[in-house]
Amino acid sequence: MKERDYDFVTIEKKWQDYWEKNKTFKTDDFSPKPKCYVLDMFPYPSGAGLHVGHPEGYTATDIYCRFKRMRGFNVLHPMGWDAFGLPAEQYAVDTGTHPSETTKKNIETFTRQIKALGFSYDWDREINTTDPGYYKWTQWIFIQLHKKGLAYIDEIPVNWCPALGTVLANEEVIDGKSERGSHPVIRKPMKQWMLRITQYAERLLADLDGLNWSEGIKEMQRNWIGKSEGAEVDFKVAGHDDVDITVYTTRPDTLFGATYMVLSPEHALVEKITSAAQKGEVDEYRSKAARMSDLERTGLNTEKTGAFTGAYAINPVNGHKIPIWIADYVLSTYGTGAIMAVPAHDTRDFEFAQKFGIEIKCIIDPDKKEAEAAKISVADVLAGKTCWTMDGALINSSNAEGLDINGLKVDDAKRKTISWLEERNLGKYAVNYKLRDWLFSRQRYWGEPFPIIHMEDGSIRLVPENELPLRLPPVEDFKPSGSGESPLAKAGDWLDYTDPVTGMKGRRETNTMPQWAGSCWYYLRYIDPRNTDAPFSPEKEKYWMPVDLYVGGAEHAVLHLLYARFWHKVLYDIGIVSTKEPFMRLINQGMILGISYKDSKGVLIPTDKVEHTNDGPVHKETREKLIEFPAKMSKSLRNVVNPDDVIKEYGSDSMRLYEMFMGPLEAVKPWNTRGVEGVYRFLKRAWKMVAETEIDDNAVMSKEQLKVLHYTIKKVGDDTDTLNFNTAISQMMIFVNEFTKCERIPREAAEAFVKILAPYAPHLCEELWEILGKKDSISYVPYPEFDEEFIKSNEVEILIQVLGKPKARIMMPAGTAAPEMEKIALANEEVVKAISGKTVRKVICVPGSLVNIVAN
RNA sequence: GCCCGGAUGGCGGAAUGGCAGACGCAACGGACUUAAAAUCCGUUUUCCGAUGAGGAAGUGUGGGUUCGACUCCCACUCCGGGCACCA
């Protein structure tokens, strides 16, 4: 018996140093082995450091990578930093510290924390989006986008936040307030760089089908792209022969029910068609709408407002004159900014018509079954008292010019109406997307400068590619200019440009790119991170792409993934990447919640105000009983768990194991530090089983031992491959429970166990591997094989049920056929008792499992 | 409002349509110890029964399909996430 303690502090330090010194995880650029590219969403290195949510995904991918290496794959597993961003800039505004210093410090903390978890990254490929050697190529890609006509300047209303003195992106505005600081946000027109992502809408939508992503995420992207099909229909305006108004509708079948038209307040034709009598009212409404923020306009306030223009449109299908209104429930940015309103069959139009007393004309006789299911009275619909948006048969819908859709179902009526409109040149089939072009500039310092010069003749010039990177200039201070321009407007000489040939002067673009830019292509740079002549070599790209597994938080389900896919498709179109899609398989790890407490009134109590008694948690001061429940980790609740503390107490192998043992990777799970204790005990038992037990080189294992050993190899291998880490760990616990019964552990069992545990607890297993007398790292040792023969049993327990209720269990030889099973079952004493006095109607036999006797 | 998830012991969770609750936590009982910690062994879904033998119920609710349903279908409730006047 050897006396050794499971000294995780020493062991973990030892092997982390070993891996670093030996560059154990350095990845070959090319290899005859099959490749496997496993990617983590790289973090923004915040000042707060890592919390327990970060390592969840990182641990999962690390286990998978280590497993794949043992299975003979050439694995690419890199890490880097998405290091541009607002927090470092705001800190700079407050303290004058250059964001690069803050960023450097934060990256050091993150690196230390991540390395402490023993992840097998190839650190030689570390990248940083703020490194000029990296953003040189981000700028280069922008130039390619510009050359393809995908980047343009537009004057558009942006989210202007007076308190921050800067413009915010839509994703940084929550409920009309800034994400940071909750300051009010208003709309202000400003010249902005835009990217034409809408040009790729159809491909971004269609190519989702081939991806191995969860349906939920794909659906979110589909909804975001928001494709709809319908028609554009041209309406004449009475008294304005030179004006046509085009509306977009998904319901061309309801044209006969259109009783008014609505233009968005910003619509270009409003001024032209408004009658003198209505001008005052219309102007007032328009200026009111312009002053309103997005929140006020689209938020909780669903009360419909609008103003009549005094003009009338002519319905192309029946020549009826319908009033034209303006209302802010019609958006200028979607479709044509104008709609035909069919109050009988659109809930928004219905509300509006009711409020303003406009005619509601029913033209669909509701489907009886659907009406009943929706608890809607058909009579009310027909009388125009209730809105009906579902299927039914068209009524009152024919004209003298050959259009008759009466009696048709909605779908058929749509088709027929569109062809009628197209034949007469009154309208056409049309597709629309909710997706908008991407606002790509920020009025900030800490981002990639645009490689753009505004020449004094008004032209726009690209910085020549051989002059990249265009570095961020030093500035006096980082405060926003206040006018909306970025702090770069204060960069003095840096701004000036003189054409070396013509002498024409120009000024550099002062906007910078958004944080998304760097993260849109980082997965490509890892492939060839130090290349100074190209973003990456084509040969390496062909070998490594696409990413086989991408793991990250669901908060990036829409924007990051959509933007990155967009850039990738552009790079595909210019021929520098070989795949249409970057990420073949995507997993979103579930959020880890903290334990929180509330009192009977539901008031949240910070964790440091809680005392644990035998009766459960109570409030330290009031002694009131508290309810424990999981909630998002937050500073205010003081329920944030710091990985450093966990590692200090239990070691990083325990931390890794617990993160995976909590539950399925994709599920939302509450953190419970007591649970770490459980996996820590398991590792100690595993240590004892191998390191403190005599190894038996010549052991002959019992049938039961062989079965547990081989089943464990199979189960852990399968579960690791499918990322079901929690059940893999359970099976290894079962293995330890079985083999700690031995006085001497069979070498074969010990070695196999250390190998299958190695991806999960790599430090411990390297140490155990050394104790087992091995010289080299366990990282590339082939994964053990199992033999099905040992897993099969000669005898199986067959459950005998009567009417589905378990009555007896009988051992039978494996492979007993159904008729034989039935015979044995019916002869069983318990069974005879259970069915006495009853007639056997039917016997169901499932070989290897059960017999169910139907008797009554 | 719409879309997507989810609901299983005191807790985290496990179960190709085939023995619900594996594995772990917590709790309780025991061993070791002067004692504690650590460790080891055992018990633990609920109810009836005597604390036994035994029996009944049970996977959010109500129905259905099936010899058999946590699993499939229909309706509903609650919780979480996303979107939100997109015509």
Side-chain angles (χ1 to χ4, degrees), chain A residues 214-224 226-228 230 247-251 254 262 264 297-304 327-331 333-342 345-349 351-352 373 389 432-436 554-555 557-558 588 590-591 593 595 614 616 628-630 632 657-658 661-664 666-679 681-682 684-685 688 724 726-734 736-737 740 797-809 841-846 848-855:
Chain A
S214 76
E215 264 321 301
I217 301 294
K218 287 205 242 181
E219 203 54 36
M220 278 166 72
Q221 294 225 342
R222 287 190 193 109
N223 290 342
W224 192 264
K227 181 179 184 175
S228 72
V247 302
Y248 173 71
T249 178
T250 56
R251 294 294 302 272
T254 60
V262 188
S264 71
R297 216 167 134 163
T298 67
L300 308 164
N301 178 17
T302 51
E303 181 74 7
K304 295 284 181 288
D328 64 4
Y329 82 92
V330 172
L331 309 175
T333 47
Y334 184 79
T336 60
I339 62 156
M340 63 173 208
V342 184
H345 306 292
D346 180 286
T347 50
R348 296 153 302 186
D349 298 344
E351 282 170 26
F352 190 88
T389 58
N432 252 297
Y433 301 92
K434 283 196 232 175
L435 186 69
R436 309 283 167 76
E555 66 272 25
V558 177
N588 287 113
M591 207 189 336
L593 304 175
I595 292 183
N614 283 344
E628 200 176 279
F629 74 104
K632 261 189 198 170
L657 216 57
Y658 178 63
F661 187 60
M662 275 192 285
E666 294 181 80
V668 176
K669 302 162 287 260
W671 177 274
N672 182 352
T673 299
R674 281 190 294 249
V676 187
E677 193 90 36
V679 294
R681 279 204 278 262
F682 159 69
K684 274 201 290 188
R685 280 159 59 86
K688 224 166 135 182
N724 294 114
N726 55 333
T727 49
I729 295 167
S730 296
Q731 185 57 39
M732 290 190 276
M733 288 173 168
I734 292 171
V736 169
N737 290 344
T740 43
E797 189 185 80
I798 302 293
L799 174 77
I800 316 297
Q801 298 177 324
V802 175
L803 283 171
K805 305 220 157 151
K807 289 292 170 194
R809 290 170 178 84
R841 307 283 175 192
K842 196 172 177 183
V843 181
I844 291 100
C845 295
V846 183
S849 179
L850 58 71
V851 177
N852 189 12
I853 299 162
V854 185

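Lettering follows sequence order; numbering is per chain, from 1.
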Visitor: Which residues pass the side chain to side chain donor-acceptor pair (under 3.5 Å) test with A:K227, not counting sequence neighbours?
Guide: A:E202

Visitor: Please tell me if the side chains of A:T249 and A:V342 come closer than 4.5 Å, counting only heavy atoms from C-beta onward.
Guide: no

Visitor: Determine which bases of RNA chain B form Watson-Crick or G-U wobble pairs with both distances under 3.5 Å, and write the result as a 5' to 3' dot-bracket string with | for other-strand partners.
Guide: (((((((..(((.....[....)))((((((.......))))))((((.....))))..(((((..]....))))))))))))....

Visitor: Within the 4.5 Å heavy-atom criterion, are A:K632 and A:L593 side-chain neighbours or not?
Guide: yes

Visitor: What distance, rounded to whole Å, do you find between the two P atoms, one in B:C11 and one in B:C41?
Guide: 26 Å

Visitor: Salt bridge or not for A:R222 and A:E219, using N-O below 4.0 Å?
Guide: yes

Visitor: For nucleotides B:A26 and B:G12, find the distance between their C1' atoms and express it as a whole number of Å.
Guide: 11 Å

Visitor: Whole-Å distance between B:G82 P and A:R222 CZ?
Guide: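 From A:R222 CZ to B:G82 P: 20 Å.
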
Visitor: Would you kindly give the NZ-to-C1' distance between A:K688 and B:U39, to the nearest whole Å?
Guide: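 After rounding, the gap between these two atoms is 6 Å.
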
Visitor: How would you label the contact of A:N737 with the nucleic acid (heavy atoms, under 4.0 Å): base, sugar-phosphate, or nothing?
Guide: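 A:N737: backbone/sugar contact only, no base atoms under 4.0 Å.
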
Visitor: Any side-chain to backbone donor/acceptor pair from A:N432 onto A:S228? Under 3.5 Å, distance only.
Guide: no

Visitor: Rounded off to whole Å, could you give me the CD-to-P distance for the A:Q221 and B:C83 pair?
Guide: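 Rounding to the nearest Å, CD of A:Q221 and P of B:C83 are 13 Å apart.
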
Visitor: When only distance counts, do a donor and an acceptor, one from the side chain of A:K304 and one from the base of B:C85, lie under 3.5 Å apart?
Guide: yes

Visitor: Are any of A:Y334's side-chain N or O atoms less than 4.0 Å away from OP1 or OP2 of B:A87?
Guide: yes

Visitor: Categorize A:S228 for me: base, sugar-phosphate, or nothing, with a 4.0 angstrom heavy-atom threshold over every strand shown.
Guide: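 Here A:S228 touches the backbone only, sparing every base.
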
Visitor: List for me each residue that meets side chain to side chain donor-acceptor pair (under 3.5 Å) alongside A:E797, sequence neighbours excluded, and say none if there are none.
Guide: none

Visitor: Assign each of A:K842 and A:K227 to its nearest nucleotide of RNA chain B by heavy atoms, then name whichever residue's nucleotide is nearer the 5' end.
Guide: A:K842

Visitor: Can you measure A:N672 atom CG to B:C11 atom P for me and round it to whole angstrom units?
Guide: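 Interatomic distance, CG of A:N672 to P of B:C11: 12 Å.
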
Visitor: If you look at every strand shown and take non-hydrogen atoms under 4.0 Å, does A:G216 touch a base, only sugar-phosphate, or nothing?
Guide: sugar-phosphate

Visitor: With the sugar-phosphate defined as primed atoms, P, OP1 and OP2, and the base as all remaining atoms, what B/S/- string results for nucleotides 12-21 of chain B, 5' to 3', for protein heavy atoms under 4.0 Å?
Guide: BSS---BB--

Visitor: Any donor and acceptor pair, going by atom type alone, linking the side chain of A:Y658 with main-chain N or O of A:T673 inside 3.5 Å?
Guide: no

Visitor: Say we look at B:C2 and B:A14: how far apart would their C1' atoms be, to the nearest angstrom?
Guide: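 The answer is 34 Å between these two C1' atoms.
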
Visitor: Given atom CD of A:E219 and atom C1' of B:G6, what is their separation to the nearest angstrom?
Guide: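 Rounded to the whole Å, the gap is 17 Å.
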
Visitor: State whether the side chain of A:Q221 and the backbone N or O of A:A557 hold a donor-acceptor pair below 3.5 Å, judged by distance alone.
Guide: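 Yes.
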
Visitor: I want to check something: taking the side chain as every heavy atom from C-beta on, are A:E215 and A:K218 in contact at a cut-off of under 4.5 Å?
Guide: yes

Visitor: Would you verify whether the NZ or CZ of A:K304 falls within 45 degrees of the ring axis of A:Y329 while also being under 6.0 Å from that six-membered ring's centre?
Guide: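 Checked: cation-pi criterion met.
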
Visitor: Syn versus anti for B:G81, judged by chi lying within 90° of 0?
Guide: anti

Visitor: Starting at atom CD of A:E215, determine the distance to atom C1' of B:C3, rounded to an integer number of angstrom.
Guide: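 After rounding, the reported distance stands at 13 Å.
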
Visitor: Tell me the interatomic distance from A:N588, atom CG, to B:G5, atom P, rounded to whole angstroms.
Guide: 14 Å

Visitor: Give the rounded distance in Å between these two atoms: NZ of A:K218 and P of B:C4.
Guide: 15 Å

Visitor: Do A:T254 and A:M340 have side chains that get closer than 4.5 Å, going by heavy atoms?
Guide: yes

Visitor: Assuming nearest nucleotide by heavy-atom distance, tell me which of A:I217 and A:T336 is located more 5' along RNA chain B.
Guide: A:I217

Visitor: Can you name the residues that form a side chain to side chain donor-acceptor pair (under 3.5 Å) with A:T740, not counting sequence neighbours?
Guide: none

Visitor: Without swapping roles, check the side chain of A:T727 against the backbone of A:N724 for a donor-acceptor pair under 3.5 Å.
Guide: yes

Visitor: Using a heavy-atom cut-off of under 4.0 Å over every strand shown, decide if A:R436 touches base, sugar-phosphate, or nothing.
Guide: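 It contacts base atoms.
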
Visitor: Report all interatomic pairs (protein N or O, nucleotide N or O of nucleotides 36-38 of chain B) with separations under 3.5 Å.
Guide:
{"from": "B:A38", "atom 1": "O3'", "to": "A:K684", "atom 2": "NZ", "distance (Å)": "3.4"}

